[in-house]
Amino acid sequence: MIAFIRGILAMVEEDKVIIDVGGVGYGIFMTGPAISRLGRKGTEVMVHTFLNVKEDVMQLYGFSTRDELLVFRLLIGVNGIGPKAALGILSVLSPDDLRFAVMAGDIKAITAAPGIGKKTAEKLILELKDRLRLEDALDSGRQETGAIDPGNGILEDIRSDAVQALAALGYSGSEALKAVRRVDVYEGMTTEELLKQALKHMMF
């Protein structure tokens with residue numbers, strides 16, 4: 001298994017990059033947003049990878065974060081969704097947006113991905129609703145920022161309620177999650193207090 005590739009970004013194509021590792025060019029399929037985050041050609045980059053092996057071909061799929069890789073693995077575990085379809089979903093929905101769409105049963109958001117119809121979206125929601133949880137996104141953000149986990153299930157509920165309230169106000173799932181992640185949650189904090197703090201972050 002190839003867990004990641006570190007090397008020089010040698011070439012950028014529409015859906016693929018070539019990374020030079022010691023004179024060997026690795027072709028890696030990635031989403032447009034992930035490719036845009038790599039930076040300029042000639043710079044050193046590191047990409048988390050998944051190696052898809054078939055009878056007649058081996059293909060590398062790349063991701064800018066481990067969270068994207070995790071969600072990709074979950075997606076290809078759904079019957080009828082292959083690596084290319086999973087990458088297509090992640091090209092239009094960030095991991096956090098996908099979690100929110102699954103949680104909300106938002107078929108329209110998922111069918112915006114190329115090649116994903118209503119039945120496939122319904123199947124995806126059904127199979128992943130217990131695996132792509134809002135709490136996972138909040139946990140992921142806490143790990144990335146180094147914040148301390150209060151270790152209280154009630155506080156997790158408060159975070160989830162605040163995210164859903166922000167979404168009801170018209171913010172996207174990812175915007176709501178990012179704002180809530182930036183708030184230092186403390187014991188005894190109410191949903192209203194958390195929401196007020198999160199809305200302040202929305203303004204900056």
Side-chain angles (χ1 to χ4, degrees), residues 1-102 109-110 112-116 120-121 124 127-128 131-147 149 172-175 177-178 181-182:
M1 177 180 176
I2 302 175
F4 66 86
I5 296 288
R6 185 191 300 274
I8 303 300
L9 182 60
M11 188 179 300
V12 177
E13 300 178 6
E14 183 178 357
D15 61 348
K16 185 170 66 174
V17 298
I18 307 297
I19 298 180
D20 183 342
V21 182
V24 177
Y26 289 86
I28 306 172
F29 292 97
M30 301 182 69
T31 66
I35 290 175
S36 67
R37 289 193 290 270
L38 289 179
R40 298 180 180 179
K41 290 188 291 183
T43 58
E44 184 178 62
V45 296
M46 196 274 280
V47 176
H48 300 280
T49 56
F50 175 85
L51 178 61
N52 183 50
V53 180
K54 296 182 179 180
E55 293 181 0
D56 56 345
V57 67
M58 291 192 298
Q59 294 175 319
L60 275 172
Y61 292 85
F63 311 90
S64 55
T65 67
R66 288 184 58 82
D67 191 37
E68 286 181 347
L69 174 58
L70 169 64
V71 172
F72 176 83
R73 286 177 173 275
L74 291 175
L75 285 170
I76 62 175
V78 176
N79 186 34
I81 297 182
K84 288 187 177 180
L87 206 65
I89 292 172
L90 290 174
S91 70
V92 297
L93 292 171
S94 70
D96 286 349
D97 285 334
L98 180 60
R99 286 187 176 100
F100 202 84
V102 169
I110 297 173
I116 301 299
T120 301
L124 187 155
E127 293 191 23
L128 296 186
R131 304 183 71 184
L132 279 176
R133 303 177 305 156
L134 182 58
E135 290 80 3
D136 293 334
L138 292 166
D139 287 342
S140 173
R142 199 161 48 234
Q143 291 166 9
E144 291 173 4
T145 59
D149 183 359
S172 72
S174 59
E175 288 174 331
L177 286 164
K178 288 176 183 177
R181 283 171 175 171
R182 295 174 65 185

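Heads up: numbering here begins at 1 and tracks the sequence.
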Practice prompt. Apply side-chain contact (heavy atoms from CB on, under 4.5 Å) to the pair I89 and I81, showing each step before the final yes or no.
Written response: CA-CA 10 Å; I89 292 172; I81 297 182; 4.3 Å; yes

Worksheet, complete the sentence: Exactly one candidate in I28, I8, I19 meets side chain to side chain contact (heavy atoms under 4.5 Å, CB included) with V45; the answer is I19

Worksheet item: Crowded around M46 CE? As in, over 12 foreign heavy atoms under 6.0 Å?
Response: yes

Worksheet, complete the sentence: Here the pair of heavy atoms bringing D20 nearest to A10 is CB-CB, 4.2 Å

Item to complete: Might you point out which heavy atoms bring P95 and E68 nearest each other, and give the distance in Å?
Response: CG-CG, 3.6 Å

Worksheet item: Hey, mind stepping through V78 and T120 against side-chain contact (heavy atoms from CB on, under 4.5 Å) and telling me if it holds?
Response: CA-CA 9 Å; V78 176; T120 301; 5.9 Å; no

Worksheet item: When rounded to the nearest 0.5 angstrom, what is the spacing between CG in D15 and CE in M30?
Response: 11.0 Å

Discussion item. Could you check whether any side-chain N or O of T49 sits under 3.5 Å from a backbone N or O of I2, counting only pairs where one atom can act as donor and the other as acceptor?
Written reply: yes

Item to complete: Starting at CG of L51, measure out to CD of Q59 and round the result to the nearest 0.5 Å.
Response: 9.5 Å

Worksheet item: Between G88 and P114, what is the shortest heavy-atom contact and its length?
Response: O-CD, 3.7 Å

Discussion item. Among F63, Y61, F72, exactly one meets ring pair (Phe, Tyr, Trp, His ring centres under 6.0 Å) together with F50. Which residue is that?
Written reply: F72

Practice prompt. Find out whether L90 and L75 are in side-chain contact, i.e. whether some heavy atom of one side chain is under 4.5 Å from a heavy atom of the other.
Written response: yes

Worksheet item: Once you round to the nearest 0.5 Å, how far does CG of L177 lie from CG of D96?
Response: 4.5 Å

Practice prompt. Grab the two heavy atoms, one from I110 and one from A121, that are nearest each other, plus how far apart they are.
Written response: CG2-CB, 3.8 Å

Worksheet item: Could you give the distance from CZ (F4) to CG (L69), rounded to the nearest 0.5 Å?
Response: 12.5 Å

Discussion item. Looking at every non-hydrogen atom in both residues, tell me the closest pair between I35 and E13 and how far apart they are.
Written reply: CD1-O, 4.0 Å

Worksheet item: Atom CZ in R131, atom CG in L70: separation rounded to 0.5 Å?
Response: 9.0 Å

Item to complete: State, to 0.1 Å, how close I76 and A86 come at their nearest heavy-atom pair, and which atoms those are.
Response: CG2-CB, 3.7 Å

Response to the item:
Interatomic distance, CG@L98 vs CG@L124, rounded to 0.5 Å, equals 6.0 Å

Discussion item. Can you tell me if R37 has over 12 outside heavy atoms packed within less than 6.0 Å of its CZ?
Written reply: yes

